[in-house]
Amino acid sequence: MPELPEVETVMRGLAARLQGGRIARAVLHRADLRWPFPPGLEAQLRGARILGFRRRGKYILMRLDGGRSLLLHLGMSGRLLLGPARPNLPTPHEHFVLETEQGWRLGFVDPRRFGAIDLLPTVAETTHRLLAALGPEPLEDQFTAAGLSAALAGRRTPIKTALLDQRVVAGLGNIYVSEALFRAGISPNRSAHTVPGARAARLVPAVRETLTDAIAAGGSSLRDYVQPDGELGYFQHAWKVYGRAGLACEHCPGPPVCPGIRRTVHSGRSTFYCSRTQR
DNA sequence: CAAGAATCCTGTCAGC
DNA sequence: TGCTGACAGGATTCTT
């Protein structure tokens, strides 16, 4: 799915165009995605003023007047398509459409339907069941080596798996965990409880730089992801290990010195790493 | 408890 | 050209 950089990129695109607008209508094309939509959502959104946007982990929060926030999560295959209002041509897997009085049309497309939409009081953004347990924002000051060390202490699971846990740090996904561990020179197989200390001190800036670079590139774009305005992100061209099994990493000369980037599996998910430079 | 597997769902791609 | 199986950016829920 969209991981933090993609969600951030999408959110910025939405904010630039929709902030200050007013919702003319909202239309649901089914009753649920991962969970049922809140009852009466269409009517509750009609006429609402869009005050602004924020991101928490991989969640987008659209702040509305009346003290409400619309929560959007893109799951694995979700996309938000933003363009001029048009006759309601059928777009496959478009489950939710929102139109503004200013002439914008926002479509939520999600073939696999792992995404989520909810409406909550803005004051509940820290207590909502999907948001309450999220760990620190990796690009803010609250994400520190000391805090990360505490979160990893005593955990026997591989660091790769631990970093995918949104309670440890919010927003990393399968691509950027591999990329950040490569950047930090830490093996994904290393038990999480051995990371606190010097390795955590390397990991924090590695995570930050990985995400910052990706946001600067406009997020990665895979099959199921495009930015709201339809442009593609370019960070996928900058992946150093993800999807590069068998290739030499940028630090290594290749065989026989280094066997190249390896693919392995943690908890059923692909991991890519260099066994020579990541320890 | 913690860790790993199963699960939700559809699309794509490689191999035969 | 089909068909089949593996795999895909997530995260909860179920088992062990």
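Comparing the P positions of B:dC9 and C:dC14 gives an interatomic distance of 15 Å, to the nearest angstrom. The same atom, P, is picked in C:dT1 and in B:dT10; the two are 26 Å apart, to the nearest Å.
Here the closest heavy-atom approach between residue A:Gly78 and residue A:Asp110 is recorded as N-OD1, 3.5 Å.
Regarding A:Met76, its CE atom lies at a distance of 15 Å from the P atom of B:dT12, rounded to whole Å. The CD1-C1' distance, from A:Ile60 to C:dG10, rounds to 15 Å in whole Å. What separates NZ of A:Lys160 from C1' of C:dA11 is a distance of 14 Å, to the nearest Å. Straight-line distance from the CG atom of A:Asp165 to the P atom of B:dA3: 10 Å, rounded to whole Å. Counting to the nearest Å, the C1' atom of C:dA11 and the CG atom of A:Leu163 are 16 Å from each other. If you take NE2 of A:His193 and C1' of B:dA3, they are 15 Å apart, rounded to a whole angstrom. Atom CH2 in A:Trp35 sits about 14 Å away from atom P in C:dG10, given to the nearest Å. Taking atom CG on A:Leu33 and atom C1' on C:dG10, their separation rounds to 13 Å, with Å as the unit.
In terms of polar N and O atoms assigned as donor or acceptor, the side chain of A:Arg155 never comes within less than 3.5 Å of the base of B:dA3 in a complementary pairing. Counting atom types as modelled, A:Arg113 pairs no side-chain N or O with a base atom of B:dC9 as donor and acceptor under 3.5 Å.
A:Leu98 places a side-chain heavy atom less than 4.5 Å from the side chain of A:Met62.
One finds a salt bridge joining A:Glu137 and A:Arg56 here, because a Lys/Arg side-chain nitrogen approaches an Asp/Glu carboxylate oxygen to under 4.0 Å. Using a 4.0 Å cut-off between charged nitrogen and carboxylate oxygen, A:Asp32 and A:Arg34 do not count as a salt-bridge pair. Under the 4.0 Å criterion applied to side-chain N and carboxylate O atoms, A:Arg105 and A:Glu94 are assigned as salt-bridge partners.
At the phosphate of C:dA8, OP1 or OP2 sits under 4.0 Å from a side-chain N or O atom of A:Ser270. Phosphate proximity of B:dA5 to A:Ser267: absent, as no side-chain N or O sits under 4.0 Å from OP1 or OP2. OP1 or OP2 of B:dA3 has not a single side-chain nitrogen or oxygen of A:His266 nearer than 4.0 Å. Contact check, A:His73 against C:dG10: no side-chain N or O comes under 4.0 Å of OP1 or OP2.
Exactly one of A:Tyr273, A:Phe182, A:Phe272 qualifies for a side chain to side chain contact (heavy atoms under 4.5 Å, CB included) with A:Ile261. That residue is A:Phe272.
Counting only heavy atoms from C-beta on, A:Arg34 has its side chain closest to C:dA11 among B:dG4, B:dC9, C:dA11. When each of C:dT12, C:dG10, C:dA8 is scored by its nearest atom to the side-chain atoms of A:Arg263, the top-ranked nucleotide is C:dA8. Among the nucleotides B:dG11, C:dG10, C:dT12, the one closest to the side chain of A:Leu130 is C:dT12.
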> Tell me, what's DNA chain B's dot-bracket, Watson-Crick or G-U with both distances under 3.5 Å, | for other-strand, [ ] crossing?
Replying inline: .|||||||.|||||||
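Under the stacking definition used here (centres under 5.5 Å, planes under 30°), the residue A:Phe114 qualifies as stacked on the base of B:dC8.
Applying the side-chain hydrogen bond (donor to acceptor under 3.5 Å, both in side chains) rule to pairs touching residues 259-268 of chain A yields A:Asn189-A:His266, A:Arg263-A:Ser270, A:His266-A:Thr271, sequence neighbours excluded.
Nucleotides of DNA chain C nearest to A:Arg129 and A:Arg269 differ in position, and the one nearer the 5' end is that of A:Arg269.
Residue contacts for A:Arg156: at a heavy-atom cut-off of 4.0 Å it reaches the sugar-phosphate backbone alone, with no base atom in range.
Cation-pi contact between A:Arg183 and A:Trp239: absent, since separation from the ring centre below 6.0 Å together with deviation from the ring axis within 45° is not met.
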